[in-house]
**Q** 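Take this structure, written in structure tokens, and hold onto it; I'll ask about it next.
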Amino acid sequence: MKIIKILGVTVMALGLTSCVSKKQYDALSSNYKQCIENIGERQREIQDLKSQNSALSGENNLLKSQHDALKSSLDACLSNTGKSSANIDKLVGEINASNSYIKQLISNNAKNDSLNMALSNKLKRSLDNVADDDVQVKVLKGVVMISLSDKMLYKTGDYNVLPAAQEVLGKVAKVINDYDKYSVLIEGNTDNAPLSSPNLPRDNWDLSALRGTAIAKVLQTQFGVDPARITAGGRSEYNPKATNMSVSGRAENRRTEIIIMPKLDEFMKLMDIAPKK
């Protein structure tokens, strides 16, 4: 309304051009042009506001639809309150049982990890004067692994334990006997060089298994390790640690491993505490 009045005044002023000075006329003309521009801007603003209003109306309709859907879901939930409450109580009970089980597992694992690290450190101290290439000791996935090179233990292609290996095996046996709650797994391994003989060992399977049992017998008969704690066997060429394409790789693969780990029955006892389904 204000703009219309201004325009009216402006028109009248233009009509009275002959009654005003040129300076006044120029001022009124400039004012008129400014009014026209202002009208254009206001119209654009009105258009923008209409677009925004349309978008907000669409959003409002969507929110109403979502509100109705949520209300329907809430009504359905409320109608099943009793049943849902029972299910929630059961779920909470199962979660609490699982949490208790997980805490016990963590506690037992932490205990086993501490024992394994102590055992590993003791072995490393005992074998401090042995070449690293011949004996390696490490903790892996909760067990202590002792890797012995074949050149220290046997002649090439043979499974009889060399006298030079007695000192190292005696030190290993001392630690094994100190940790009498642990089981002992002995694994023989070979490279992939073929072995074929009518006599024992006939092939790499025989060689690896005979090497494993030979170490077991030495630990039992000469160093007093309880044979009930020992499991011995061979893995032939099928558990390589390095490539068989190099001399050093083949030498590493011809290892015998002594693995010291918690007894199986203790592990099964741990499994008995699991929450029943």
Side-chain angles (χ1 to χ4, degrees), residues 103-155 158-190 207-235 239 241 251-273:
K103 287 178 182 177
Q104 183 141 2
L105 277 178
I106 291 172
S107 175
N108 280 278
N109 286 339
K111 180 180 178 182
N112 285 336
D113 287 345
S114 297
L115 288 171
N116 289 340
M117 288 304 298
L119 191 158
S120 175
N121 291 334
K122 188 170 184 178
L123 276 167
K124 287 178 179 177
R125 286 195 298 272
S126 298
L127 302 171
D128 222 14
N129 61 338
V130 183
D132 289 342
D133 291 341
D134 291 333
V135 180
Q136 296 179 10
V137 181
K138 62 182 177 180
V139 176
L140 180 65
K141 294 182 179 180
V143 300
V144 176
M145 303 183 68
I146 309 163
S147 184
L148 307 174
S149 69
D150 74 319
K151 68 178 182 179
M152 182 186 70
L153 298 175
Y154 328 96
K155 291 180 180 179
D158 193 13
Y159 58 88
N160 293 299
V161 181
L162 294 170
Q166 301 295 318
E167 181 183 358
V168 170
L169 292 177
K171 291 178 178 180
V172 172
K174 171 77 167 60
V175 177
I176 290 174
N177 286 329
D178 288 345
Y179 288 81
D180 58 355
K181 300 299 182 185
Y182 279 59
S183 292
V184 181
L185 173 63
I186 303 170
E187 289 185 350
N189 295 270
T190 70
L207 181 59
S208 64
L210 289 168
R211 285 183 169 183
T213 55
I215 297 297
K217 290 174 183 176
V218 169
L219 293 178
Q220 175 190 351
T221 59
Q222 297 188 35
F223 301 109
V225 176
D226 182 0
R229 299 171 57 194
I230 300 174
T231 301
R235 303 189 70 176
N239 186 35
K241 277 195 170 179
E252 186 174 353
N253 290 336
R254 294 190 302 269
R255 70 200 180 279
T256 297
E257 292 184 335
I258 300 175
I259 302 168
I260 307 172
M261 56 189 175
K263 288 185 177 180
L264 182 61
D265 58 348
E266 292 184 2
F267 177 76
M268 295 307 294
K269 286 179 182 177
L270 182 59
M271 291 299 98
D272 288 339
I273 67 172

**Q** Checking the side chain of R255 only, and the main-chain atoms of T190 only, is there a donor and an acceptor separated by less than 3.5 Å?
**A**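 Not at all, since once roles are kept as given, no pair shorter than 3.5 Å links the two residues.
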
**Q** Rounded to the nearest 0.5 Å, what separates atom CD1 in I215 from atom CD1 in I146?
**A**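 Output value for this atom pair is 11.0 Å.
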
**Q** Please name the pair of heavy atoms, one in T213 and one in L210, separated by the smallest distance, quoted to 0.1 Å.
**A**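 In terms of heavy atoms, the two residues are closest at OG1-O, 3.1 Å.
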
**Q** Looking at every non-hydrogen atom in both residues, tell me the closest pair between F223 and N177 and how far apart they are.
**A**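 The pair with the smallest heavy-atom distance is O-ND2, 3.1 Å.
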
**Q** Determine whether L162 and K155 satisfy the following criterion, side-chain contact (heavy atoms from CB on, under 4.5 Å), listing intermediate values before the conclusion.
**A** CA-CA 7 Å; L162 294 170; K155 291 180 180 179; 3.9 Å; yes

**Q** Testing the 3.5 Å rule here: is there a donor-acceptor pair between the side chains of S149 and D134?
**A**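 The answer is yes; a qualifying pair exists.
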
**Q** What closest approach, in Å, do A232 and A216 show between heavy atoms, and which atom pair accounts for it?
**A**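 The answer is CB-CB, 3.9 Å.
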
**Q** Looking at R229 and Y182, would you say the former's side chain and the latter's main chain have a donor-acceptor pair under 3.5 Å?
**A**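 Yes, the answer is positive, given that a donor and an acceptor are paired below the 3.5 Å cut-off.
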
**Q** Between A165 and L153, what is the shortest heavy-atom contact and its length?
**A**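 Where A165 meets L153 most closely, the heavy atoms are CB-CD2, 3.6 Å.
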
**Q** Applying the side chain to side chain contact (heavy atoms under 4.5 Å, CB included) test to L185, which of M145, E257, M261 qualifies?
**A**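 When side chain to side chain contact (heavy atoms under 4.5 Å, CB included) is applied between L185 and each of M145, E257, M261, only M261 qualifies.
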
**Q** Atom CD1 of I176 and atom CD1 of I258: how far apart are they, to the nearest 0.5 Å?
**A**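 It is 5.5 Å, given to the nearest 0.5 Å.
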
**Q** Do Q166 and V161 have side chains that get closer than 4.5 Å, going by heavy atoms?
**A**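 In short, these two side chains touch, coming nearer than 4.5 Å.
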
**Q** Locate the shortest heavy-atom distance separating T256 from Y154; write the atom from each residue and the value.
**A**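 In this case the closest contact between T256 and Y154 is OG1-OH, 2.8 Å.
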
**Q** Identify the heavy atoms of N189 and N253 that sit nearest to each other, and give their distance.
**A**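 Closest pair (atom of N189, atom of N253, distance): CB-O, 3.3 Å.
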
**Q** Do NZ/NE/NH1/NH2 and the carboxylate oxygens of R235 and E187 come within less than 4.0 Å?
**A**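 Counted as a salt bridge, because a side-chain N and a carboxylate O are separated by less than 4.0 Å.
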
